[in-house]
There are 4 protein chains.
Amino acid sequence: MLIHYFKFREKRQIIKNNGNINNSNNDKYDKILNAAIKVFAEQGYYKSTISQVAKEAGVADGTIYIYFKNKADILFNFFSYKTRMVFDRFKDEVEKADNAKDKLRNLIRSHLAEFQRDPNVAVVFQREALNARHIDDVLIKDISKMYLDILDDIIRQGQKEGYIRKNFQKGLVKRFILGAVNEVINTWVVTCGKYDLVSMADPLVDLYFNGISPDKPVTPQPG
Amino acid sequence: MLIHYFKFREKRQIIKNNGNINNSNNDKYDKILNAAIKVFAEQGYYKSTISQVAKEAGVADGTIYIYFKNKADILFNFFSYKTRMVFDRFKDEVEKADNAKDKLRNLIRSHLAEFQRDPNVAVVFQREALNARHIDDVLIKDISKMYLDILDDIIRQGQKEGYIRKNFQKGLVKRFILGAVNEVINTWVVTCGKYDLVSMADPLVDLYFNGISPDKPVTPQPG
Amino acid sequence: MLIHYFKFREKRQIIKNNGNINNSNNDKYDKILNAAIKVFAEQGYYKSTISQVAKEAGVADGTIYIYFKNKADILFNFFSYKTRMVFDRFKDEVEKADNAKDKLRNLIRSHLAEFQRDPNVAVVFQREALNARHIDDVLIKDISKMYLDILDDIIRQGQKEGYIRKNFQKGLVKRFILGAVNEVINTWVVTCGKYDLVSMADPLVDLYFNGISPDKPVTPQPG
Amino acid sequence: MLIHYFKFREKRQIIKNNGNINNSNNDKYDKILNAAIKVFAEQGYYKSTISQVAKEAGVADGTIYIYFKNKADILFNFFSYKTRMVFDRFKDEVEKADNAKDKLRNLIRSHLAEFQRDPNVAVVFQREALNARHIDDVLIKDISKMYLDILDDIIRQGQKEGYIRKNFQKGLVKRFILGAVNEVINTWVVTCGKYDLVSMADPLVDLYFNGISPDKPVTPQPG
DNA sequence: CATGAATGAGAATTCATTCAT
DNA sequence: AATGAATGAATTCTCATTCAT
């Protein structure tokens, strides 16, 4: 599926790049993708119809099939195009910090900020990524891995630096971190964005590092 | 919606209880529900068809409509009947412990054990609960709340006992705990249950309490 | 179809007469038929279900198939058994009068009285007879003919007696009379029996005989 | 329901009017409606299936749902679109005459002519209007009322002019007139249009005005 | 005879996708 | 490229009828 996708993507790249900068084709691609995200966010992927997406995008039903292979391909493009962009931004933010602690803080902050900035993307990502994960979609696993790889680097660095202890399975810690952010986002989404999501970043990072215990018994542990 | 459900449930109770112990009606209700869970787990709710569920259950398509109002009602019954049972068991396990630390450990353990015991239930619950949450389903919110209420009690008790610090938003901590277990379960589900899920309980609880920091306050130690 | 029916009827006669006077089988046949009439009257034949009829009759769904070949057969029995009884009573009433004028009045009176007495029978008869007529059902045509034959006799006698003029197609006059009563009944049915139907008999017969003209120019016409 | 209908109709008007004179959209709407009328006439509304209508119209099943909301809506459109047209023609014909007698004659003539011209319309109208009347359909009652209102005007005028006597319930007379035409049409329909329906108009109107009595008051004359 | 759970053929309806314009 | 009417496969759901108990 992924291979097929990239073949297809290639073709689209041609479409997308075959002209001037204010490429109107590219515009339409984005218009449809954004419309789809909105509709998918509101109704879920399966309950959404191509007609609804077309209407939201202000194009004819048939036009969608010029820019996307089929309905599933819209979701596919969402994950690869949209989220890849987002994850790249995460990486950039992480790079800006020096130590693991600040890197993790930056990751969580930009993660929450990104999803707060575009709740529809948040909804679709959170919901459909989970679906796709269970259905075993190569692309999704790829994308999940991107995030986990960022975390991996941070943890490794943190352990070197002594900010992070070493006596645990790294895999578990990554789930622990990712799961908590996701749940915070999901809850925020369900409340329809009633509070400031980014303000959750610091308390959350605090919990990551120090847990819920009041204060730790200080037994010295060499780094 | 919940009220409607209970009215309907009542009717089914009559069917389910009107006979001997080897009640074949009850059998069929369970047979269909379990078949549905299996099919839903494999394909997702929307891609699953009634015919597939019927075939899996070894009954005719029409038979399903004797025991369930419609396709959605199967999911509805799954959440209320199946998960209510599960959550009651969680509560029982929690009760068995005295202090908050042990209670949380018991909760996480039984949670992981339960889902390891029946991975299909796990898959459907994790995936469709999230879907339903975004679509605002009263029942699902009810069920989510049950879990969060258990956590609430534990945290409150832990704060009294001194096991848990007080300087945080309780809401955030609950997400922090729930999100991490969920992610651990999801990951396990995606690997098709290749490792022992329950063994994750203790390390996870350790992370909840102590976080990822080493046990003593450290000064950054360049690697 | 009619032949088939009588074969079937025969079998039922056996059922109906195979015992004591308070034959409980016969009771059940009537109970179902009456329940069906009520349900059909409320919802129409096609929208009514066997389950509804069974519930109304206080029997199990399957029991209906002991007394009736299938759903259509219930309607069939309604027309043959119920309406045949009614039409026999019409004939009796007509016989009680001597001259054509009184005979027609008696017919119309008993017709309206009968339908007023049992509105459900009226509804089903009026509605389904028309349906059946267009679908060309032998039995229905038979029954319609019974009524028209009564009318035929009356008109013939009236013409002999000089009460009824001769210069018209008899067929048309019969439609003219039957159509008017039917419409009066239908209107009454639609108003849910809000007024006294029988009181319409005399004015209607007056219209049959004298029409809507104020008074006729008297040109002598030898009988 | 009527309101809902007009909202829907509006949408269709857009479809129907958005083009050239040989509007193929309009064609298809008519093609389906006429096909439906034919199929409904042959089998009755409930026994007819969408597939049959589609086949008769030479379109795919799904196409029907572009032009009609659902199966019931086809019947609905038949009554409002087709019969409204017919009734307007009735009114026009009535207007052409001066006195009540001629007006009634024109009404009956055009009524019979119209139904003779298109027997399928006649069948469906006669049968389904009756069904709908018992089920209480706003539109049908509306349409029935249109006819009764025309009659009302004629009777009122006739009473002023002296053509029609005054000593009766107007409601009854209207049923009397309508019922007779309907029955004449129904009988003609059942015979599959074997004779000339319009030729029944004059004798029928004669019966309306003069009834079945001979032209002078008679003393019973034993046959 | 009576029951009513089970059946499965059949109907309405939806909607992704195509293709002539 | 863009359109949107048309398509028909696929799905849900109903309900007359059967048959084991």
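So that the names make sense, note that chain A is the first sequence line, chain B the second, and so on, each numbered from 1. As a basis for the values below, the full set of heavy atoms in this structure was taken, side chains included, without hydrogen atoms, waters or symmetry mates.
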So which heavy atom on Arg127(D) is nearest to which on Ala41(D), and how close? NH2-O, 3.0 Å
Using the side chain to side chain contact (heavy atoms under 4.5 Å, CB included) rule, take Glu56(C) and Val53(C) through it: C-alpha gap first, then chi angles, then the decisive distance, then the call. CA-CA 5 Å; Glu56(C) 179 72 38; Val53(C) 173; 5.7 Å; no
Reckon Tyr65(D) has a side-chain N or O less than 4.0 Å from the OP1 or OP2 of dT14(E)? no
Does dT7(E) have a Watson-Crick or wobble partner in any strand here, with both distances under 3.5 angstrom, and which is it? dA16(F)
Measure from NZ or CZ of Lys71(B) to the centre of the six-membered ring of Tyr45(B), then state whether that distance is under 6.0 Å and the direction lies within 45° of the axis. yes
Ile32(A) CD1 - dA2(F) P separation (whole Å): 8 Å
Can you measure Tyr45(A) atom OH to dC15(E) atom P for me and round it to whole angstrom units? 13 Å
So, is Lys28(D) near the phosphate of dA5(F), with a side-chain N or O under 4.0 Å from OP1 or OP2? no
Rounded off to whole Å, could you give me the CZ-to-C1' distance for the Phe40(C) and dA16(F) pair? 12 Å
Is the phosphate of dA2(F), meaning OP1 or OP2, less than 4.0 Å from a side-chain N or O of Tyr67(A)? yes
Hey, which sits more toward the 5' end of DNA chain F by its nearest nucleotide, Lys71(C) or Ile64(D)? Ile64(D)
Please state how far atom NZ in Lys31(A) lies from atom P in dT3(F), giving the value in whole angstrom units. 9 Å
Check the phosphate of dC13(F) against Lys69(B), side-chain N and O only, distance under 4.0 Å to OP1 or OP2. Yes or no? no
With a 3.5 angstrom cut-off on both distances, give the Watson-Crick or G-U wobble partner of dT21(E), or none if there isn't one. dA2(F)
Rounded to whole Å, CG of Asp27(A) lies from P of dA1(F) at a distance of 14 Å
Given DNA chain E, 5'-ward residue of the pair Ser51(D) and Asp61(C), judged by closest heavy atom: Asp61(C)
Quick note, Ile66(A) side chain, CB onward, closest among dA1(F), dT17(E), dA6(E) is dA1(F)
Using modelled atom types and a 3.5 Å cut-off, is there a donor and acceptor pairing between side-chain atoms of Ser80(D) and backbone atoms of Phe76(D)? yes
What is the distance from NZ of Lys47(B) to P of dT12(F), rounded to the nearest Å? 14 Å
Please report the distance separating the C1' of dC1(E) from the corresponding atom of dT21(F), rounded so that it comes out in whole Å. 13 Å
When we call it a touch if two heavy atoms are under 4.0 Å apart, what does Thr63(D) touch: a base, just sugar-phosphate, or nothing? base
Hey, which sits more toward the 5' end of DNA chain E by its nearest nucleotide, Val59(B) or Tyr46(A)? Val59(B)
Would you kindly give the CG-to-C1' distance between Asn70(C) and dC19(F), to the nearest whole Å? 17 Å
dA6(F) P sits how many Å from Tyr29(D) OH, rounded? 15 Å
Cation over ring, Lys31(D) on Tyr67(D), under 6.0 Å and within 45°? no
Counting any heavy atom closer than 4.0 Å, what does Ile50(B) reach on the DNA or RNA strands: base, sugar-phosphate only, or nothing? sugar-phosphate
Of Phe78(C), Tyr81(C), Tyr29(C), which meets ring pair (Phe, Tyr, Trp, His ring centres under 6.0 Å) against Phe68(C)? Tyr29(C)
